[in-house]
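Heads up: the structure comes next, in structure tokens.
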Amino acid sequence: MQRRTLVTCGLPYANGPAHIGHLRTYIPADLFVRSLRKQGKDTTFVCGSDAHGTPIVINAEELGVTPAELVQKYHDHFDETFKSLNIIFDKFGNTESDTNHNRTTEIVNTLIANGYVFSQNIELAYCPTCNRFLPDRYVEGVCPDCGAVARGDECDQGCGKHLEPGEILEPLCKICRSKAEYRIQEHFFFKLSEFKGFLSDYLDKLGGTSNARNYAKGWVEGELHDWCITRNLEWGVRFPDHENLVVYVWVDAPIGYVSFTEEWAGEHGIDWKKYWMNPGGDTDIIHFIGGDIIYHHCIFWPAILKGAGYTLPRAVVASGMVKIGDKTFSKSRGYVVWVNDDYLDKGFHPDLLRYYLASYTSHTKELNFSWKVFQEKVNNELVGTLGNFVYRTLLFAHKNFGTVPEGDIDPEVMEKIGDARGAVIEAFNEYEFKRGIDAAMNLAAFGNVYFQSNEPWQLIKTDALGAGKVVRNCLQIVKALAIIFEPVMPTTASAAWAQVGMDAGLNGASYDEATVEIAVGQPIPKPAMLFAKIEDRAIQDMEEILEERVSKAVKKKHVTFEEFSELDIRIGTIVAAEPIKKSKKLLKLLVDLGENRDRQIVAGIAETHKPDDLVGRQVVVLANMQPAKLFGVESRGMILAGGSDSGGAILLMPEREVPAGTAVA
RNA sequence: AGCGGGGUAGGGUAGCCAGGAUAUCCCGUCGGGCUCAUAACCCGAAGAUCGAUGGUUCAAAUCCAUCCCCCGCUACCA
């Protein structure tokens, strides 16, 4: 009985357009699926939009649309974008579908029935002004572990820890900015801690890339906390029997993998349970994800599946992140390359990007996107090596023969083809996409050597039969190249396939077909070049667009007088100063601002100023700076100073002594 | 400081998890060839004490330990 494979991709969050970073996961996944099919494996490929969670609700509120409308917009966007890049899913679903609601409810009920869910009254941030509880990113505050400013579900700017509801300190409502209070409410928890032993064994056997496995193991060895799986939201999948609660988005999002399979299977009269309710059965589930969601896929998800009696994933393949100029993608900072605006709409061929992203470096490593490198790879490898070999062969064959000429295939050529095919298949099966593509490109390089050293352009003058033999061998290599490059560059490979005169479409051709001798007499039409060089001009344009975006993002906006008036700037007198333990740059100051009590202010001037020299001096203070904790020390105000990267802080001081608390405007 | 990723010829990059003989590929440099081909292709050369030190081993870029440096994100209230 042949095993089935189900491949999934991490769900794009339906809250913004696709950028190149997304594709680091989807392109290799598509390549992998195409490669499995070329090996004759029964393969299904599903993905869909992640529709829930607080960021979508908040964003929709700000835009004045419903969450459903916002989700639909980006769902359509991703669906179209993936299709334009030839990333073809059997099903591209949406976690807001009825199927997903039903499947999530069923799984949650099963977990409850199996005793893996318990309720607990917990203190939660509640906004008295907005009159509601504040889940996840509705609340901002201070991380209980590291003291950094954090959002409700994660210390995103500090230690990176996942925060459970109620853990955050000094909560602030993100909607109205007013101070939140704590209220007690019943919530539901998943007994993740009970799965520690199971996860430990499971991860040892988990396939995929080592980065996913190792990262997850590190967490399992530590303490696993039970996991709060309900939220106070309207938008999402209702928690059974609780009108005011939905399940946490990280529960219903991966369940999308199940429900999308279900929807696809329903459309084709297939039993989806063979895939998902068949532990130890004959289905291999393989998740392709970005390196940022390993925790959810290697810890939460298998525990849920185990707890509900579903099939466990066999492998998790985690891709490295994409950066630009060593900086992480960031919309607000302008470090972003949009798939549509910056690539497809500029007329670049999708296959070029597929090739670049899949072949530049190992799948698990960070990839530094660069237009320059993109151009180099296209011009040297695709145009110079692959495109040139195919074109010189086809043009020569077309001009001199018009059909595939007679002549034996050299055993050496067949062997090279067989080796290349073997290396490609093996590498792709091991998620080593670069290695596989290099092996394929080697075959093209060999083609150039073969053509060059056999000099058919000389032979044709004296020995037409000899020239014909060389040409047929080269055509055999072109045919093989079309097959082994098809997973990487489907459109271009199909064009090459048609150019060697093959009748049937390339899509159905298996890897085995690469060593089937090309039929003598098959017509060779006038070829067209597969790839065009990318001109320097085009690359310069793209680099300029990126630079402009970054500089625009960095530029500070104008403030109105009203906005400026909101700043409470005053002169203060320093009455005490001491260093802060473990910090290099910070001093703890007590400043007289003409108020009843002196203010405690933390200032980053320890490298340039000694505490003793500061006492008694007058400084300019921003008095209504949002309070913050630095190294555990509270700061209620900010000392104004001039600063350069080299010179350190230069304190601003009044011209002559004035009463403490004097206003500055 | 925390977390993450790195240090391999002039630049970029593979190999490292599963240790082996001349360390991969692309660009650049130098010399030669070819003229079928998109000024492309082919052959050859120079260029690397694989960040440092110590250890394990018959054998280390690869495993272990310590240290140094770089980058990103945060972060020291500029």
Side-chain angles (χ1 to χ4, degrees), chain A residues 143 145-150 155-161 209-211 213-215 291-292 320-321 323-328 330 335 359-362 364-368 370 372-373 375-377 379-385 387-400 432 434-435 437-439 441-442 445 447-460 467 470-471 474 527 529-533 580 582-587 601-607 622 625-631 633 635-645 648-652:
Chain A
C143 174
D145 277 10
C146 70
V149 174
C155 177
D156 57 332
Q157 300 183 23
C159 58
K161 187 179 153 30
T209 52
S210 57
N211 57 339
R213 212 168 25 245
N214 295 340
Y215 181 85
D292 52 342
M321 298 281 110
K323 295 182 163 189
I324 299 181
D326 257 329
K327 299 201 191 317
T328 301
S330 161
Y335 290 111
S359 73
Y360 183 60
T361 189
S362 306
T364 55
K365 286 199 177 160
E366 280 173 2
L367 184 155
N368 230 333
S370 147
K372 193 91 201 125
V373 173
Q375 180 197 27
E376 268 180 20
K377 281 188 78 78
N379 288 357
N380 296 319
E381 296 165 27
L382 292 183
V383 176
T385 302
N388 183 243
F389 170 67
V390 172
Y391 187 64
R392 73 199 290 203
T393 296
L394 289 170
L395 190 64
F396 191 85
H398 170 73
K399 275 190 185 164
N400 294 289
E432 298 277 0
K434 181 202 165 47
R435 202 175 82 206
I437 293 172
D438 283 352
M441 198 51 87
N442 270 338
N448 274 319
V449 173
Y450 186 86
F451 195 105
Q452 190 80 24
S453 55
N454 284 293
E455 304 190 323
W457 63 90
Q458 292 290 357
L459 283 178
I460 194 73
V470 174
V471 167
C474 287
M529 290 184 288
L530 296 179
F531 304 99
K533 276 201 167 186
I580 290 177
K582 283 197 286 186
S583 100
K584 277 188 249 168
K585 289 165 72 171
L586 296 184
L587 289 182
I601 296 177
V602 175
I605 54 175
E607 285 178 332
L622 176 60
M625 182 77 192
Q626 171 150 354
K629 253 189 197 171
L630 302 157
F631 281 72
V633 180
S635 176
R636 303 178 57 81
M638 178 164 105
I639 308 291
L640 299 187
S644 62
D645 288 339
I650 299 135
L651 287 177
L652 298 186

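Just so we're on the same page: letters track the sequence lines, and every chain starts at 1.
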message: Checking contacts here: which listed nucleotide (U35(B), G15(B), C41(B)) is nearest the side-chain heavy atoms of Q458(A)?
response: U35(B)
query: What distance, rounded to whole Å, do you find between the two P atoms, one in A61(B) and one in G51(B)?
result: 10 Å
- request: Look up atom CG in N400(A) and atom CD1 in I460(A), then write down how far apart they are to the nearest 0.5 Å.
  value: 4.0 Å
task: Counting Watson-Crick and G-U wobble pairs only, both distances under 3.5 Å, name the nucleotide matched with G31(B), or none.
output: C43(B)
task: In whole angstrom, give me the gap between the C1' atoms of A39(B) and U49(B).
output: 40 Å
- prompt: In whole angstroms, how far is the C1' atom of A39(B) from the CG atom of N380(A)?
  reply: 13 Å
For atom CG of L395(A) and atom P of C36(B), their distance in whole Å: 11 Å
- request: Check every atom of C27(B), U13(B), C34(B) against the side chain of K434(A) and return the nucleotide holding the closest atom.
  value: U13(B)
message: Between G32(B) and A23(B), how many Å separate the two P atoms, rounded to a whole number?
response: 28 Å
query: Counting any heavy atom closer than 4.0 Å, what does G384(A) reach on the DNA or RNA strands: base, sugar-phosphate only, or nothing?
result: sugar-phosphate
message: From C-beta outward on N448(A), which listed nucleotide comes closest to its side chain: C41(B), C17(B), C34(B)?
response: C41(B)
- request: Using the C1' atoms only, state how far A18(B) lies from C34(B), rounded to an integer number of Å.
  value: 45 Å
message: Can you tell me which nucleotide in C34(B), U13(B), C41(B) comes closest to the side chain of N388(A)?
response: C41(B)
F396(A) and F451(A) aromatic ring geometry - parallel, tilted or perpendicular at 30°/60° bounds: perpendicular
- line: I437(A) atom CD1 is separated from U24(B) atom P, nearest whole Å, by 21 Å
- line: For G4(B), the nucleotide meeting Watson-Crick or G-U wobble distances (both under 3.5 Å) is C71(B)
- request: Quote, to the nearest angstrom, the C1' distance that separates U24(B) from U62(B).
  value: 15 Å
query: Is there a Watson-Crick or G-U wobble partner for G54(B) with both distances under 3.5 Å, and which nucleotide is it?
result: C64(B)
query: Out of G5(B), G12(B), C34(B), which has the shortest distance to the side chain of Y360(A)?
result: G12(B)
field: Separation of U35(B) C1' from F389(A) CZ (nearest whole Å)
entry: 17 Å
query: Between atom CG in N379(A) and atom P in A39(B), what is the gap in whole Å?
result: 11 Å
query: Which nucleotide sits closest to the side chain of E432(A): C27(B), G72(B), G15(B)?
result: G15(B)
- prompt: When the C1' atoms of C68(B) and U29(B) are considered, how many whole Å apart are they?
  reply: 32 Å
Gap between atoms CZ and P, on F531(A) and C41(B) respectively (whole Å): 14 Å
- prompt: Among G5(B), C36(B), G15(B), which is the nearest nucleotide to the side chain of E366(A)?
  reply: G5(B)
- line: Rounded to the nearest 0.5 angstrom, the CE-CZ distance for M441(A) and F389(A) is 12.5 Å
message: Taking only the C1' atom of each, what is the distance from A48(B) to G10(B) in whole angstrom?
response: 12 Å
task: Could you check how far CG of D438(A) sits from P of C27(B), rounded to whole Å?
output: 13 Å
query: Rounded to the Å, how far apart are K365(A) NZ and G12(B) P?
result: 14 Å
- prompt: Which part of the nucleic acid, if any, lies within reach of V449(A) when heavy atoms closer than 4.0 Å are counted: base, sugar-phosphate only, or nothing?
  reply: sugar-phosphate
message: C36(B), OP1 or OP2 - any side-chain N/O from T393(A) closer than 4.0 Å?
response: no
field: Which nucleotide in U38(B), C36(B), G15(B) has an atom nearest any side-chain atom of M529(A)
entry: U38(B)
message: Heavy-atom nearest nucleotide on RNA chain B for S210(A) versus E376(A): which residue maps closer to 5'?
response: S210(A)
- request: Can you tell me, in whole Å, how much space there is between the P of C36(B) and that of G44(B)?
  value: 23 Å
message: Just to be sure I understand the rule, does S453(A) reach a base, reach only the sugar-phosphate, or reach nothing, if contact means heavy atoms closer than 4.0 Å?
response: nothing
